[in-house]
K.L.:
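Submitted below is the structure of interest, expressed as structure tokens.
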Amino acid sequence: MKKRIAVLGATGSIGKSSLDVIERESEKFSVVLLSAHSSRSQLEQLKKQWPSAVCVLTGESSQTLLDAIKDLQPDIIINGISGSAGLEPSFAAIEAGSNLALANKETIVMAGKLILSLAKEKNVKIIPVDSEHSAIFHLIEAHNAPEEIILTASGGPFRKLSLKEMEKVTAQDALSHPTWKMGQKITIDSASMANKGLEIIEACYFFNMPAEKIKVVIHPQSIVHSMIRLSNGAFYAQLSKPDMRHPIHDALHWPQAARNNLDILNFDSLTLEFEKPCLEKFPMLGLAWKAAEKGGLYTCAYNAANEEAVAAFLQQKIRFTDIPVITCSVLEKNWSLHYSDKETILKADSDARLEAVKIIKKMA
Ligand code: NDP
Ligand code: MG
């Protein structure tokens with residue numbers, strides 16, 4: 001029987017890669033639900049290509065999408081929505097008993113403990129799609145529990161700039177990523193390394209590891225997707241071309257390790273470099289470790305403050321280097337309340353945004 005798949009954020013970078021994977025294996029998968037936010041004409045095009053899929057535009061209200069998830073109960077829901085808007089659909093997926101192929105890292109950063117315990121309770125599997133976490137997930141399945149996780153990071157377009165030069169970069173500079181082609185928000189986050197910050201937090205929750213056991217190494221070629229270190233000192237790594245269709249394919253086939261027909265990595269002329277990230281140039285890393293250590297609602301506040309700061313940077317209200325300044329100020333407030341419900345998380349998200357907007361207004 002074909003697996004019934006929903007692709008949320010179908011018009012985005014993850015959404016398009018997901019549909020490509022599904023199209024290549026249409027004998028194994030059928031598309032039952034597609035969503036977009038405001039790209040109406042693109043969604044209409046997709047409806048022609050996938051006529052049996054329910055297509056939902058969430059621009060005016062996201063309730064129709066939540067209802068469709070509940071009604072259709074797909075076997076797997078790929079959540080490729082960008083930002084905190086991905087949280088509610090992730091909850092809806094788990095409530096519907098659908099396995100969740102999760103690209104939307106914000107779900108875990110905002111609500112890690114709650115969403116993972118709910119998934120356990122509902123006997124639903126969350127399979128990471130973020131390339132690093134997908135690599136670690138599969139490495140842990142193949143080996144023992146790790147002593148340490150090593151997340152690789154491309155270092156983004158500003159790896160070689162000085163802090164002074166980074167003050168002057170434009171949105172266009174920040175939007176040209178050297179190795180990955182992705183949506184706007186995650187591309188800016190890659191340039192500030194907030195993306196790696198979010199991934200440190202994501203790894204803590206996903207793999208139940210303390211923040212100090214999650215390391216980051218710059219690897220400009222984006223071939224090694226992450227590594228684990230076992231107690232005997234051995235490191236295990238996962239390598240492939242930087243192509244999100246790999247982790248999407250693996251998530252759709254889990255628990256099987258199925259063959260794919262994507263390009264294979266060629267070692268004939270391959271250089272792999274590794275270097276230490278500069279914490280002074282990329283303060284979003286240090287802030288993420290701190291937020292992860294503190295737990296509670298700090299990780300939710302980190303995400304909210306960064307989202308507001310990135311939006312302000314794209315609107316040319318602040319400098320690129322103000323993004324960590326704003327996030328740091330927001331994190332100085334008290335976010336230590338421990339949560340056990342979604343409403344508390346949404347309230348903290350909104351409070352942190354208000355705080356960030358106040359700071360942005362003072363800067364502008
Ligand atoms: P894109 O910006 O390319 O796509 C975002 C998708 O989400 C679009 O379909 C968009 O619809 C939809 N969307 C935007 N805002 C909302 C909203 N408020 N409510 C509902 N849907 C919305 O993003 P990416 O594909 O790059 O990233 C998606 C997620 O995956 C992010 O969480 C990102 O961190 C994560 N991720 C992405 C990777 C990548 O390679 N791109 C790698 C690893 C993780 P519309 O077109 O109508 O605006
Ligand atoms: Mg990633």
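Indexing begins at 1, ligand by ligand and atom by atom, following the structure's order. Predicted, not measured: the structure shown is a model, and the values here were computed from it. Along the sequence shown, residues carry numbers from 1.
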K.L.:
Using a heavy-atom cut-off of under 4.0 Å, does the side chain or the backbone of E106 touch ligand 1, or both, or neither?
P.N.:
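It is the side chain that gets close, since no backbone atom is under 4.0 Å.
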K.L.:
List the atom of K241, the atom of D263, and the distance in Å for their closest heavy-atom pair.
P.N.:
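Scanning both residues completely, I find the closest heavy atoms to be NZ-OD2, 3.6 Å.
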K.L.:
So, does N79 use its side chain to make a donor-acceptor pair with the main chain of L102 at under 3.5 Å?
P.N.:
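Here the side-chain-to-backbone pair does not exist.
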K.L.:
Select one of side chain, backbone, both or neither to describe which atoms of M182 lie under 4.0 Å from any atom of ligand 1, heavy atoms only.
P.N.:
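Both parts.
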K.L.:
How does A103 reach ligand 1, if at all, at less than 4.0 Å between non-hydrogen atoms: by side chain, backbone, both, or neither?
P.N.:
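Contact part for A103 vs ligand 1: both backbone and side chain.
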K.L.:
Heavy-atom distances under 4.0 Å decide this one: backbone, side chain, both or neither, for S17 against ligand 1?
P.N.:
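For S17, no heavy atom sits under 4.0 Å from ligand 1.
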K.L.:
Begin from the C-alpha positions of S131 and M244 and carry the test side-chain contact (heavy atoms from CB on, under 4.5 Å) through to its verdict.
P.N.:
CA-CA 7 Å; S131 57; M244 287 307 292; 4.1 Å; yes
K.L.:
Under a 4.5 Å cut-off applied to non-hydrogen side-chain atoms, are L297 and D351 in contact?
P.N.:
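No, too far: nothing below the 4.5 Å cut-off.
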K.L.:
Which residue and atom name correspond to the protein heavy atom nearest atom 5 (C) of ligand 1, and how close is it?
P.N.:
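That would be S82 OG, 3.5 Å.
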K.L.:
Under 2.8 Å from the Mg ion (ligand 2), which protein N, O or S atoms do you find? Ignore water molecules.
P.N.:
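Listed by chain and number, the nearby protein N, O or S atoms are D130 OD1, E132 OE1, E199 OE2.
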K.L.:
Got the closest protein heavy atom to atom 1 (P) of ligand 1, with its distance?
P.N.:
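Nearest neighbour among protein heavy atoms for atom 1 (P) of ligand 1, to 0.1 Å: G183 CA, 3.8 Å.
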K.L.:
Going through the checks in order, is the ring pair (Phe, Tyr, Trp, His ring centres under 6.0 Å) test met by F29 and H253?
P.N.:
CA-CA 10 Å; F29 305 116; H253 282 280; 5.2 Å; yes
K.L.:
When you measure from the side chain of E106 to the backbone of L87, do you find a donor-acceptor pair of N or O atoms at a distance under 3.5 Å?
P.N.:
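Side chain of E106 to backbone of L87: no pair is present.
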K.L.:
Does S13, backbone or side chain, put an N or O under 3.5 Å from an N or O of ligand 1?
P.N.:
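Looking only at distances, the answer is yes, because the N/O contact criterion of under 3.5 Å is met.
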K.L.:
Evaluate the ring planes of H225 and W180, with Trp represented by its six-membered ring, and classify them as parallel (under 30°), tilted (30 to 60°) or perpendicular (over 60°).
P.N.:
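If you compare the ring of H225 with that of W180, the planes turn out tilted.
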K.L.:
Taking the inter-plane angle between the rings of F206 and H133 on a 0 to 90° scale, is it parallel (under 30°), tilted (30 to 60°) or perpendicular (over 60°)?
P.N.:
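It falls in the tilted class, 30° to 60°.
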K.L.:
Please confirm whether G80 comes under 4.0 Å of ligand 1, counting heavy atoms of the residue only.
P.N.:
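It does; at least one heavy atom falls under 4.0 Å.
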K.L.:
Centre of F282's six-membered ring, under 6.0 Å away, within 45 degrees of the axis: is that where NZ or CZ of K196 sits?
P.N.:
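That pair does not qualify as a cation-pi contact.
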K.L.:
Among K185, K317, R353, K361, which residue meets the salt bridge (Lys or Arg N to Asp or Glu O under 4.0 Å) test with E308?
P.N.:
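Of K185, K317, R353, K361, salt bridge (Lys or Arg N to Asp or Glu O under 4.0 Å) with E308 is met by R353 alone.
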K.L.:
Tell me yes or no: between the side chains of D173 and T170, is some donor less than 3.5 Å from an acceptor?
P.N.:
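Yes, T170 and D173 have a side-chain donor paired with an acceptor closer than 3.5 Å.
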K.L.:
Is it the case that ligand 1 has an N or O less than 3.5 angstrom from some N or O of A36?
P.N.:
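Min N/O separation from ligand 1 is not below 3.5 Å for A36.
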K.L.:
Which of the atoms in ligand 1, numbered in the order shown and given with their element, are less than 4.0 Å from a heavy-atom of A85?
P.N.:
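Numbered from 1, ligand 1 contributes 17 (C), 18 (N), 19 (N).
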K.L.:
Search all heavy atoms of Y205 against all heavy atoms of L116 and return the closest pair with its distance.
P.N.:
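Heavy atoms of Y205 and L116 come nearest at O-CD1, 3.3 Å.
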K.L.:
For N303 and K105, does a side-chain donor sit closer than 3.5 Å to a side-chain acceptor?
P.N.:
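Short answer, no.
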K.L.:
For atom 45 (P) of ligand 1, grab the closest protein heavy atom and report residue, atom and distance to one decimal in Å.
P.N.:
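Going by distance alone, atom 45 (P) of ligand 1 is nearest to S39 OG, 3.2 Å.
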K.L.:
Quick check: does any side chain N or O of K281 sit under 3.5 Å from a backbone N or O of R159, one acting as donor and the other as acceptor?
P.N.:
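Flag set: sc K281 to bb R159 pair under 3.5 Å.
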K.L.:
Pull out every atom of ligand 1 sitting under 4.0 Å from any heavy atom of N104, numbered as shown with elements.
P.N.:
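What qualifies from ligand 1 is 32 (O).
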K.L.:
Under 4.5 Å between any side-chain heavy atoms of I127 and D250, yes or no?
P.N.:
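When only atoms from C-beta onward are counted, D250 and I127 do not touch, as no gap falls below 4.5 Å.
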K.L.:
So which heavy atom in the protein is nearest atom 42 (C) of ligand 1, and how far is it from that ligand atom?
P.N.:
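That would be M244 CE, 3.6 Å.
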K.L.:
Is there a side-chain contact between I214 and C204, using heavy atoms and a 4.5 Å cut-off?
P.N.:
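Yes, their side chains come closer than 4.5 Å.
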K.L.:
Heavy-atom contacts with A10 under 4.0 Å: which atoms of ligand 1 show up? List them by number with element.
P.N.:
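Within the 4.0 Å cut-off of A10, ligand 1 contributes 9 (O).
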K.L.:
From atom 27 (O) of ligand 1, work out which of I14, I78, L198, L102 has a heavy atom at the shortest distance.
P.N.:
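Ranked by closest heavy atom to atom 27 (O) of ligand 1, first place is I14.
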K.L.:
Identify the closest protein heavy atom to atom 4 (O) of ligand 1: which residue and atom is it, and at what distance?
P.N.:
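So the nearest neighbour among protein heavy atoms is G12 CA, 3.1 Å.
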K.L.:
Would you mind running through ligand 1 and noting each atom that sits below 4.0 Å from a heavy atom of I186?
P.N.:
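Selected atoms, number and element: 26 (O), 33 (C), 34 (O), 36 (N), 37 (C), 38 (C), 42 (C), 43 (C), 44 (C).
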K.L.:
For atom 10 (C) of ligand 1, which protein heavy atom lies nearest, and how many Å away is it?
P.N.:
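Sorting protein heavy atoms by distance from atom 10 (C) of ligand 1 puts T11 OG1, 4.0 Å first.
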K.L.:
May I ask you to decide if V330's main-chain N or O and W335's side chain share a donor-acceptor pair within less than 3.5 Å?
P.N.:
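Judged by distance alone, yes, a pair lies under 3.5 Å.
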K.L.:
Write out the residue and atom name of the closest protein heavy atom to atom 29 (C) of ligand 1, then the distance separating them to 0.1 Å.
P.N.:
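Residue, atom and distance for the closest contact: I81 O, 3.3 Å.
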K.L.:
Do any N/O atoms on W180 end up under 3.5 angstrom from N/O atoms on ligand 1?
P.N.:
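Min N/O separation from ligand 1 is not below 3.5 Å for W180.
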K.L.:
Please write down residue, atom name and distance for the protein heavy atom closest to atom 34 (O) of ligand 1.
P.N.:
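Among all protein heavy atoms, the one nearest atom 34 (O) of ligand 1 is K105 CE, 3.2 Å.
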K.L.:
Kindly confirm or rule out an N or O of S35 lying under 3.5 angstrom from an N or O of ligand 1.
P.N.:
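No, there is no polar N/O contact under 3.5 Å.
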K.L.:
Mark yes or no for whether T152, through its side chain, and V224, through its backbone, hold a donor-acceptor pair below 3.5 Å.
P.N.:
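Pair found, side chain donor or acceptor close to backbone of V224.
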K.L.:
About how many Å separate CD of Q238 and CD of E132, when rounded to the nearest 0.5 Å?
P.N.:
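If we round to the nearest 0.5 Å, E132:CD and Q238:CD are 10.0 Å apart.
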K.L.:
Under 4.0 angstrom from ligand 1, any heavy atom of S38?
P.N.:
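So S38 counts as touching ligand 1.
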K.L.:
Measuring from atom 43 (C) of ligand 1, which candidate in D130, I248, N195 has the nearest non-hydrogen atom?
P.N.:
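Residue with the shortest heavy-atom distance to the ligand atom: D130.
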K.L.:
For ligand 1, is any non-hydrogen atom under 4.0 Å from T58's backbone (N, CA, C, O), its side chain (CB onward), both, or neither?
P.N.:
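The answer is the side chain.
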K.L.:
Would you say ligand 1 has an N or O under 3.5 Å from any N or O of H37?
P.N.:
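Yes.
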